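Let me begin by presenting the structure, written as structure tokens, before commenting on it.
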Amino acid sequence: RDWYFVWMGLLTLIFVVLVFFGFWSGLFLPNAAQEDVGSASSVERQAYMEELLSFFDFPLLEPGSPQEQAIEWLAYRDEPLPVPSKEGGNSNNQYQRVRLEQRYALVTFYFAQGGPKLWSSINRHTWAGWINYGMGVHECEWHGIDCEADNDDGNNNNDNERRHVVALRLNPSTGVVLTGESLSTELGLLTSLRRLDFSSQRLEGSIPDEWKALTNLEMLALSKNQIQATIPEWIGDSWKQLKTLALNGNLVEGTLPTSILSLTNLKHLELQFNQKLQGRFDDLMVAIPDLEHLDISSTDLEGTIPSEVIMSNLRVFQAWNTQKLAGTIPSAMGQWQSLEIFSIDDIPDMKGTIPTEVGGLSNLHELKIIRVPLTGALPTELGNLSNLHTMVLSFLELKSTLPTEYGNLSNLETLDLNINSGLTGTIPTDYGKLVNLKYFDVSTTNLSGTVSTDVCDLKLDFFRADCPNKNPEPNDIICVCCTWCL
């Protein structure tokens, strides 16, 4: 008998836990079509649903689809919005149309993401589930949504109520996790949208053609997802306001569309880590000379760094493992006066030398040229880069001594010249003036001589050189302060 009561108690406890979890996760939420909300009767709600179906031109919806769930939620569980005429009308009618479309678009997207059964349980925050805010709460109050008031109001209506969705910020930094095999086509109804950030999520699919209606879009960030598609051909015709396009870290393939050259407002372009993406990046640079950020690393893009155009606003140029980048580093790059980061790595077909004109880039913070078969000497002019904090010139084919002028780089923190067998001579005593230097690597070179006490007094965190502790050869470095000797 005692065991009977023990088992009954355990079963009751399990039942209570399961019921609690069901309500918490949304599994036991009632069917919207069966629920009577507020003072409206079921008959009135059914009539309202038919109005919604007519407004959105839905003769028949697939049972259980995100569209059906959204319409049912709007009809049976939300505070009814006015259903306006489809076209024309005064400003009130136009805004009512916008309001209904944007609320429907967002609720459909929410259900496409699994609705309360998945969204809330994945994100573990009540504010993550939009419909959990309750009926009648303006969508602009939902988490991750930014709105702006309608300033074109000739009827003295409350601008706070005439708000348009201008941004969707749903990324891990906002505490939201997104999944799905496709991107919601209904988001194309958000015609006032300017910024869409779904970066670092688990989204798949392609950019829907319905998104061409987002003609006000200025920023699209879909980086670090699993988007497997081509960049749509209409991008340059429809998104003329686009300033930022971040598609890096996906599975984008195919050729850059010709229309992308029409994006003359584009400032920030990240295409890196899409290994099957093809086309010519230099055409982009020529067509959009006001670019500020360009990263083509680990793509199949091809071309040369153009010399015929002055990229006066370019701050960042990165190309790692861009095997079809060829040509030279043009001397005209010395006129890219806004350049802060120039970083190329594993570019087997690039030839030539490091132009002396690079020494005139007063804003340059980071200079990395790695695994590129460049020849010639280290330009002494690089010693004029007063704002430089990182210089990595390794795996090159230089024949040079170390310029004493590099001792003037007072902000330099990293100096990496390793694996340059053509480097000869000694480490200049003037390098002892590099008071901010923390990382210094001159290993696998042909430098020799004794490292001066001035350099050793820097007390570097990392200092590697060819300095065998026993039986040094004449071409070895004598170093009592190196942290790593080869």
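Everything numeric here is computed off the predicted structure, so don't read it as measured data.
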Asp441 bridged to Arg464 by N-O distance under 4.0 Å: yes
Atom of Ala70, atom of Thr108 and distance for their closest heavy-atom approach: CB-OG1, 3.3 Å
Closest contact, heavy atoms only, Thr322 versus Leu301: CG2-O, 3.8 Å
Residues, nucleotides or ligands: over 12 heavy atoms within 6.0 Å of Glu181 CD: no
Criterion side chain to side chain donor-acceptor pair (under 3.5 Å) against Arg169, the qualifying member of Thr174, Asp197, Asp146: Asp146
Check: residues 411-422 side-chain donor-acceptor pairs under 3.5 Å, at least two apart:
from   : atom 1 : to     : atom 2 : distance (Å)
Asn411 : ND2    : Ser386 : O      : 2.7
Asp416 : OD1    : Asn418 : N      : 3.2
Asp416 : OD1    : Asn418 : ND2    : 2.5
Asp416 : OD2    : Asn418 : ND2    : 3.4
Asn420 : OD1    : Leu396 : N      : 3.1
Asn420 : ND2    : Leu393 : O      : 2.8
Asn420 : ND2    : Leu417 : O      : 2.9
Asn420 : ND2    : Asn418 : O      : 3.4

Close side-chain approach of Ile329 and Pro355, heavy atoms under 4.5 Å: yes
Residues Asp290 and Asn313: side-chain donor-acceptor under 3.5 angstrom: yes
Glu139 and Arg163 ion-paired at < 4.0 Å: no
Pairwise side-chain contact, Trp142 with Val107, heavy-atom cut-off 4.5 Å (strictly under): yes
Flag, side chain of Thr375 to backbone of Leu398, donor-acceptor distance under 3.5 Å: no
Validation row: Asp283, Leu261 side chains within 4.5 angstrom (heavy atoms): yes
Check against ring pair (Phe, Tyr, Trp, His ring centres under 6.0 Å), Phe109 and Phe198: CA-CA 13 Å; Phe109 173 73; Phe198 291 167; 5.4 Å; yes
Neighbour count >12 (heavy atoms, 6.0 Å) for atom NZ, Lys267: yes
Where at least one partner belongs to residues 377-459, residue pairs that pass disulfide bond (SG atoms under 2.5 Å apart), sequence neighbours excluded: Cys456-Cys481
pair Leu220-Trp211: side-chain heavy atoms closer than 4.5 Å: yes
Shortest non-hydrogen contact between Ile354 and Pro379, atoms and distance: O-CG, 3.4 Å
Check: Asp300/Gln278 side-chain N/O donor and acceptor closer than 3.5 Å: yes
Asn250 side chain to Gln226 backbone, donor-acceptor under 3.5 Å: yes
Beyond-backbone contact of Glu308 with Val286, side-chain heavy atoms, under 4.5 angstrom: yes
Leu437 side chain reached by His389 side chain, heavy atoms, under 4.5 Å: no
Lys240 atom NZ: more than 12 heavy-atom contacts under 6.0 Å: yes
Donor on one side chain, acceptor on other, Gln67 and Glu186, under 3.5 Å: yes
Met311 side chain reached by Glu292 side chain, heavy atoms, under 4.5 Å: no
Main-chain N/O of Ser173 paired to Asn171 side chain as donor or acceptor, under 3.5 Å: yes
Within 6.0 Å of CD in Gln275, more than 12 heavy atoms from elsewhere: no
Pairs of donor and acceptor atoms involving the side chains of residues 333-351, under 3.5 Å and at least two apart or interchain, shall be tabulated with distances.
from   : atom 1 : to     : atom 2 : distance (Å)
Gln337 : NE2    : Gly334 : O      : 2.8
Ser338 : OG     : Ser312 : O      : 2.7
Ser343 : OG     : Trp320 : NE1    : 2.7
Asp345 : OD1    : Arg371 : NE     : 3.0
Asp345 : OD1    : Arg371 : NH2    : 3.2
Asp345 : OD2    : Arg371 : NH2    : 3.0
Asp346 : OD2    : Gln323 : NE2    : 3.3

Heavy-atom pair with the smallest gap, counting every atom of Leu187 and Leu196: CD1-CD1, 4.5 Å
Residue Trp234 excluded, over 12 heavy atoms near CH2 under 6.0 Å: yes
SG atoms of Cys467 and Cys482 less than 2.5 angstrom apart: no
